[in-house]
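What follows is a short report on a single structure.
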Amino acid sequence: MSLASPPHTQAPELARLVRLAARLAGAPAAFLSLGDDPPVYAGADEGWSARREAPLARSLCGRVVAEGRTLRMADARAHAEPALWLGEGAYLGVPVRGADGSVAGCLCVVDAQPRAWSDDEAEMLAGVAELAGRALQPAAALERAAAAVADGRISLRVLEKAVETMQVGVTITDMEGRIVYTNPAEARMHGYSVEELIGQHGRIFAPRESHRRIEPGPMDGVASWSRETVNLRKDGTPFPVLLRSDMVMDAQGRPAGLVTCCEDLTARKALERKLLHNAFYDQLTGLPNRGLLTHRLDLAVERAQRGEGGFAVLMAGLDRFKRVNDGLGRAAGDELLRAVAERLRDCIRPDSMLARMAGDEFAILLDEAHGPGEAIRVARCMQEVLRAPFNLPAGEVFTGASVGIALSMTGYTKAEDVLRDAAIAMYRSKDRDQGHYQVFDLEMHAQAMERLRMEGDLRRALERRELRVHYQPVVALETGRVSGFEALARWEHPERGLVFPDAFIPLAEETGLILALGMEVLEDACAALRRWQARPGCEGLTMAVNLSARQFSDPGLAERVERTLRATGIAPGTLKIEITESVILQLTAEVSETMSRLKALGVELYLDDFGTGYSSLSYLHRIPLDALKIDRSFVGPNAGAESPHLVRTIVAMAQALGVTVVTEGVERAETVAELRRLGCQFAQGYFFAHPLDEPAATALLDKHPVW
Ligand code: C2E
Ligand code: MG
Ligand code: MG
């Protein structure tokens with residue numbers, strides 16, 4: 001008996017897996033290289049001709065095989081060895097292992113453009129490589145065995161023994177299709193005993209509809225073929241199989257029968273389904289992921305364009321999620337996300353889709369939503385269900401959702417645009433006040449564009465040195481004299497004139513530009529203070545500089561401040577750093593460390609805008625504060641009737657705690673008198689002076705005003 005063994009008998013199965021790999025990774029091309037032959041390929045043809053021809057050893061895949069581990073390159077252009085580089089922009093390759101665990105080849109996905117490969121993608125590719133490895137096994141084993149018999153390395157008896165113990169079913173049929181031999185694996189797989197099968201027709205395994213005779217005529221010249229099909233067990237249950245049939249020749253070289261290997265694909269199919277599931281579902285919450293939602297949304301956009309019905313997309317971001325993650329740990333964050341997903345499910349009808357987009361962002365696609373009504377109902381429901389506290393093992397947690405809504409009425413042509421606008425609306429609702437919803441409108445789009453433009457402008461402003469610092473005098477109420485200044489950033493915009501910080505500081509914080517901007521203000525302010533302190537009688541003048549929370553997460557902050565102090569030579573005690581409650585609310589070990597280091601330098605810490613936010617005096621014990629600045633809303637023209645009591649309480653408590661009180665926003669003489677009576681030590685506000693540029697502030701000092 002001899003076995004014909006043409007190359008690539010598993011090609012259809014392997015080609016399918018290669019296509020699967022490309023699809024799962026969202027890559028334009030995938031290759032499976034198994035030896036010296038050109039790789040099995042899936043993808044669009046353009047651009048990959050060199051790679052399609054390349055044998056294993058001449059490609060990055062050769063390296064994967066040699067090293068036996070995953071190779072991940074986000075940008076292969078500069079990092080790949082020139083001799084092995086075949087034009088990939090990005091490359092991700094994993095080894096394919098045979099039955100004995102040895103590396104048999106490499107499965108890779110490539111992209112013409114550089115791109116990052118996620119851990120999930122690497123994992124999925126490894127999963128597909130495992131499938132490919134399994135697909136190789138039966139054929140390879142039989143081929144090896146046949147070759148070994150042919151060249152006398154093993155006897156037929158040994159081969160028979162091997163076939164008897166193989167996990168793959170093997171059946172030999174004669175030219176009439178009668179089973180003349182079958183191994184125990186085949187019998188077991190189909191629920192028969194070997195004895196029951198001998199003499200039966202081979203079609204006993206096949207469902208009725210696929211019964212067909214194998215005619216010797218048309219089979220001439222075909223020595224071997226594979227197919228994926230469904231077989232039946234003795235009890236009638238179907239299961240997926242991979243069959244590979246080889247023609248058996250007699251001594252004269254005439255066809256004498258068929259050897260068919262049968263592999264049960266049930267486990268492999270389940271693994272494939274799992275891989276596909278992982279590609280389209282979020283593993284943490286089990287919800288559809290961004291990919292699947294986008295796919296459904298694409299269809300909804302097309303339907304809406306044909307006028308066949310509208311849709312709405314809600315994008316929800318969790319409030320304070322980062323605090324849970326940072327404060328209670330990632331495991332608690334994961335718990336919270338799972339619990340949130342569970343609650344959000346209650347808000348949607350079965351035909352709507354709830355997806356986890358990324359991190360703490362969820363989205364809902366409502367098909368059949370014609371106006372904002374249904375979307376708003378769902379948004380309210382989302383907010384309602386998230387309102388109750390979450391009892392996590394790590395403790396009780398409160399969250400909420402800011403929701404952005406985009407509606408098909410806007411006339412979208414791309415899913416991407418819908419998601420972008422829903423996100424813009426979500427950020428808008430977050431900005432306004434957490435826990436609200438916002439429907440996207442075109443004005444918002446214009447504003448988002450404007451914001452982008454501003455960001456570019458701000459970057460250039462830093463390069464062109466368009467930032468200025470203005471100084472508002474701080475008055476010691478006991479003497480009525482200027483005791484120092486607060487440095488306030490201004491942007492001298494070439495077209496818009498002087499821009500105030502509220503219009504650019506939040507943007508600078510978001511984009512990280514605040515780091516450069518903040519240092520510039522600090523350096524300018526310290527330099528100005530140095531000049532003023534050089535004047536007779538002004539040695540003790542102080543300078544307050546605002547630092548944002550973002551700057552406190554910069555581990556080099558204390559060092560930079562120290563360098564500035566040294567460069568300008570001002571006494572550290574005359575520099576006051578103003579922080580806001582947001583710094584305290586994200587008080588990590590690093591932030592505490594930075595505060596301690598600043599204090600060790602001799603710099604003083606002021607808490608700005610006291611009374612506007614979370615405002616709890618409890619944290620005064622936790623951080624080394626020197627002063628509170630009572631927010632201007634307590635003394636300004638819009639202050640409420642209860643404000644004087646609040647100011648009195650704050651001053652009394654501050655005195656008890658031994659911290660200084662500065663009141664800002666003082667606009668009237670009566671306020672000054674009242675503050676003096678309450679024992680508040682310092683004040684600033686338009687009543688004394690507006691923020692001034694350096695020459696104007698110098699001129700003010702020259703007048704030695706007393707209030
Ligand atoms: P802030 O630190 O609370 O500064 C006081 C704000 O109140 C200043 O607004 C000041 O011009 C204004 N102000 C002073 N006196 C009065 C008054 O009598 N009545 C009223 N209604 N307002 C008064 P400005 O300059 O627009 O600054 C706004 C905020 O921007 C500042 O609030 C501060 O939080 C931030 N900021 C300013 N410069 C910087 C900076 O260099 N870095 C950082 N991180 N933030 C800055
Ligand atoms: Mg301030
Ligand atoms: Mg303030």
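Read the numbers this way: they start at 1 and go in the same order the structure lists the ligands and their atoms.
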Which of the ligand 1 atoms, numbered from 1, are nearer than 4.0 Å to a heavy atom of [X]:
X	result
Glu486	1 (P), 2 (O), 4 (O)
Glu667	17 (C), 18 (O), 19 (N), 20 (C), 21 (N)
Gly685	15 (N), 18 (O)
Val521	41 (O)

Is there a side-chain contact between [X] and [Y] in this structure, where contact means two heavy atoms from C-beta onward sitting under 4.5 Å apart?
X	Y	value
Leu467	Asp524	no
Phe321	Val340	no
Val545	Glu578	no
Ile405	Pro372	no

Taking 4.0 angstrom as the limit, do [X] and [Y] come out as a salt bridge?
X	Y	result
Arg490	Asp693	no
Arg550	Glu509	no
Glu520	Arg465	yes
Glu559	Arg563	yes
Asp119	Arg72	yes
Glu450	Arg496	yes

Using a distance-only test with no angle check, is there a side-chain donor-acceptor pair under 3.5 angstrom linking Ser402 and Asp319?
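Judged by distance alone, the side chains do pair up.
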So, Asp120 versus Ser118: side-chain donor-acceptor pair below 3.5 Å or not?
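No, no side-chain donor-acceptor contact under 3.5 Å.
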Among protein heavy atoms, which sits nearest to [atom], and what does the distance come to when rounded to 0.1 Å?
atom	value
atom 36 (N) of ligand 1	Pro501 CB, 3.9 Å
atom 3 (O) of ligand 1	Asp609 OD1, 3.1 Å
atom 16 (C) of ligand 1	Tyr686 CE2, 3.2 Å

Side chain, backbone, both or neither: [X] near ligand 1, heavy atoms under 4.0 Å:
X	value
Glu578	side chain
Thr580	neither
Ala489	both
Gln472	side chain
Arg490	side chain
Glu664	side chain

Identify, by name, the N, O or S atom of Glu664 lying closest to the Mg ion (ligand 3).
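The atom in question is OE2.
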Ligand 1 contact by Pro691, heavy-atom criterion under 4.0 angstrom
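Checking ligand 1 against Pro691, which is what was asked, there is a heavy-atom contact under 4.0 Å.
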Restricting to N, O or S, what is the name of the atom of Glu486 that lies nearest the Mg ion (ligand 2)?
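Considering only N, O and S atoms, Glu486 comes nearest to the Mg ion (ligand 2) through OE2.
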Taking the N/O/S atoms of Asp608 one by one, which is nearest to the Mg ion (ligand 2)?
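Of the nitrogen, oxygen and sulfur atoms in Asp608, the Mg ion (ligand 2) lies nearest to OD2.
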Kindly check if the number of other-residue, nucleotide or ligand heavy atoms within 6.0 Å of [atom1] ([X]) is above 12?
X	atom1	result
Glu670	CD	yes
Glu396	CD	yes
Phe390	CZ	yes

Which is closest to [atom] by heavy-atom distance: [options]?
atom	options	result
atom 28 (C) of ligand 1	Asp502, Asp608, Ile505	Asp502
atom 7 (O) of ligand 1	Arg632, Gln684, Glu520, Glu509	Arg632
atom 42 (N) of ligand 1	Asn546, Ile514, Val666, Asp524	Asn546
atom 31 (C) of ligand 1	Leu488, Leu517, Val545	Leu488

Less than 4.0 Å from atom 9 (O) of ligand 1, is there any heavy atom belonging to the protein?
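It does not; no protein heavy atom is within 4.0 Å.
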Is Asn546 close enough to the Mg ion (ligand 2) that one of its N, O or S atoms comes in under 2.8 Å?
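True for Asn546.
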The Mg ion (ligand 2) reached by Glu578 (N, O or S, under 2.8 Å)
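Yes, within the cut-off.
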For the Mg ion (ligand 3), does an N/O/S atom of Asp609 lie at less than 2.8 Å?
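It does: Asp609 brings an N, O or S atom closer than 2.8 Å to the Mg ion (ligand 3).
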